[in-house]
Amino acid sequence: MSKKHIGILTSGGDCAGLNACIRAVTLHACLGHGWRVTGIRYGTAGLMHSPPQTLPLTPELFDTSYLRRAGTLLGSVNTGNPFAFPMPDGSRKDRSEEVIAGYRSLGLDALIGIGGDGSLAILRRLAQQGGIPFVGIPKTIDNDVAQTENALGYATAVQVAIEALDRLQPTAASHDRVMVLEVMGRDAGHIALNAGISGGADVILIPEIPYSMEKVAEKVKAIRAGGRNFALIIVAEAVKTEGGAAMMRDLGRGETRYGGIGHYIGEAVEKLTGAEVRVTVLGHVQRGAEAVPQDRLLASVFGAHAIDMVAAGRFDRMVAWQNRDTVEVPLADIVDKSHCVDPHGVMVETARQLGISFGD
Ligand code: F6P
């Protein structure tokens with residue numbers, strides 16, 4: 001087999017497991033096949049530069065600290081879709097041909113992209129337009145990529161949210177307070193649901209299950225009437241107000257992010273129950289933690305398998321995790337789809353069986 005030259009990039013919000021995955025790609029490509037690997041810096045933005053921003057990747061670079069190290073050594077961007085790139089004068093420009101030209105200038109045989117659903121859709125479109133042999137690897141703390149049970153970074157984010165609940169519980173108990181914890185997850189409630197069960201939340205609010213403040217207050221009042229004077233509420237960032245408004249922050253240049261629902265819920269609980277309430281917004285600490293074992297393993301498995309896919313010429317696919325094994329799914333099957341919480345699934349059922357309220 002001819003010696004290949006592989007490009008790899010990370011795209012979208014960073015998360016735990018990215019470095020471990022880049023390491024696995026490099027080790028298997030170089031040690032297993034004798035190939036060359038070039039890291040592309042800052043996702044597609046790095047390919048817009050002339051020459052492209054790159055970093056040669058060799059096995060020697062990767063001491064074992066990369067298995068746990070947070071962030072991405074390649075850098076990433078989660079703004080600047082090359083098909084509608086924001087220009088300094090406020091306009092949008094299609095810069096996709098520049099990205100493709102950058103890729104071609106590197107003399108690569110294939111590209112591996114580690115990204116969430118949005119990034120993978122953009123990379124696939126670029127690959128189709130430019131005839132680029134492309135393999136995707138799913139990552140996102142939100143765990144909302146379709147066709148895979150787990151994406152890189154999700155398990156670590158859940159661990160961080162559990163630790164936050166573990167730390168809020170004693171201070172809540174000491175001061176007879178209701179603690180509200182707002183967690184990330186974009187339009188999916190996976191982090192809130194799984195951390196809520198594992199961290200002992202009394203109320204879990206997720207975008208997939210409509211709630212009423214009256215029911216949330218009822219739960220808090222019932223806990224207090226039962227003799228426990230504190231409660232833990234975990235809320236996913238995309239939960240809407242009772243009136244159906246999404247709590248968004250405008251970042252300018254057409255960019256918005258979720259934020260603020262924790263304070264909305266906190267104020268309403270205080271008003272309806274008379275309890276003293278404090279609100280914690282967990283934010284980006286969910287992204288920057290050292291990878292937990294599950295993410296180190298998934299990163300290693302995904303990275304090595306992506307090289308198998310390149311070796312076999314199986315492109316326009318994403319490596320995924322299903323039924324305790326890797327599978328390959330066509331990228332067409334994940335574009336414009338989302339893996340949200342099943343309101344009738346086992347996790348929601350389990351939470352209800354434990355007496356956790358969803359405010360419904
Ligand atoms: O998609 C990952 C994520 O962390 C979301 O959970 C969150 O809504 C968003 O990215 C935050 O984006 P940024 O890093 O641009 O603030």
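Everything numeric in this text was worked out from a predicted model, so none of it was measured.
In terms of modelled atom types and a separation under 3.5 Å, the side chain of Gln286 and the main chain of Met184 share a donor-acceptor contact. Judged by distance alone, the side chain of Glu149 and the main-chain N or O of Asn323 form a donor-acceptor pair under 3.5 Å.
Remark: the His28 side chain and the Asp308 side chain contain an N/O donor-acceptor pair separated by less than 3.5 Å.
Note: Leu73 CG to Arg23 CZ = 12.5 Å, rounded to the nearest 0.5 Å. Atom OG1 of residue Thr72 and atom CZ of residue Arg41 lie 8.0 Å apart, to the nearest 0.5 angstrom. Of the inter-residue distances, the one linking Met179 atom CE with Glu276 atom CD reads 8.5 Å to the nearest 0.5 angstrom.
Counting heavy atoms from C-beta on, the side chains of Pro86 and Arg92 come closer than 4.5 Å. Between Ser11 and Ile122 there is no side-chain heavy-atom pair separated by less than 4.5 Å. In this structure, the side chains of Val37 and Cys30 come closer than 4.5 Å at one or more pairs of heavy atoms.
For residues 58-100, the ring pair (Phe, Tyr, Trp, His ring centres under 6.0 Å) pairs, not counting sequence neighbours, are Phe62-Tyr66.
For the residue pair Leu31 and Pro59, the shortest heavy atom distance occurs at CD2-CG, 3.8 Å.
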Less than 3.5 Å apart, which donor and acceptor atoms pair up between the side chains of residues 158-175 and the rest of the protein, not counting sequence neighbours?
unit_1, atom_1, unit_2, atom_2, d
Gln159, NE2, Glu163, OE2, 2.9
Ser174, OG, Pro170, O, 2.7

Side-chain donor-acceptor distances from residues 191-211 under 3.5 Å, at least two apart:
unit_1, atom_1, unit_2, atom_2, d
Asn194, ND2, Tyr154, OH, 2.9
Asn194, ND2, His190, O, 2.9
Ser198, OG, Asn194, O, 2.8
Asp202, OD1, Arg228, NH1, 3.4
Asp202, OD1, Arg228, NH2, 2.7
Asp202, OD2, Arg228, NH1, 3.3
Asp202, OD2, Leu232, N, 2.7
Glu208, OE1, Gly189, N, 3.3
Glu208, OE2, Gly189, N, 2.9
Glu208, OE2, Val341, N, 3.0
Tyr211, OH, Lys240, O, 2.7
Tyr211, OH, Glu242, N, 3.4

What donor-acceptor contacts under 3.5 angstrom involve side-chain atoms of residues 129-137, with partners at least two apart or in another chain?
unit_1, atom_1, unit_2, atom_2, d
Gln129, NE2, Ser96, OG, 3.0
Gln129, NE2, Glu97, OE2, 2.8

Residues 105-116, side-chain donor-acceptor partners within the protein, below 3.5 Å, at least two apart:
unit_1, atom_1, unit_2, atom_2, d
Ser105, OG, Gly102, O, 2.7
Asp109, OD2, His5, N, 2.7

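For Ala275, the side chain to side chain contact (heavy atoms under 4.5 Å, CB included) test picks out Val178, Arg224, Thr273, with sequence neighbours left out.
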Side chain to side chain contact (heavy atoms under 4.5 Å, CB included), that's the test. Do Lys219 and Lys215 meet it? Break it down for me. CA-CA 6 Å; Lys219 177 70 182 175; Lys215 293 279 182 193; over 6 Å; no
Would Glu214 and Ser212 satisfy side chain to side chain donor-acceptor pair (under 3.5 Å), going step by step from the backbone distance to the final call? CA-CA 5 Å; Glu214 197 190 318; Ser212 80; 5.2 Å; no
Starting from the C-alpha separation in whole Å, work towards a yes-or-no answer on side chain to side chain contact (heavy atoms under 4.5 Å, CB included) for Lys139 and Asp14. CA-CA 8 Å; Lys139 68 89 213 162; Asp14 72 321; over 6 Å; no
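Few gaps surround CD on Glu270; more than 12 heavy atoms of other groups in view lie less than 6.0 Å from it. More than 12 heavy-atom neighbours from other residues, nucleotides or ligands sit within 6.0 angstrom of NZ on Lys337. Within 6.0 Å of CZ in Arg36 there are 12 or fewer heavy atoms belonging to other residues, nucleotides or ligands.
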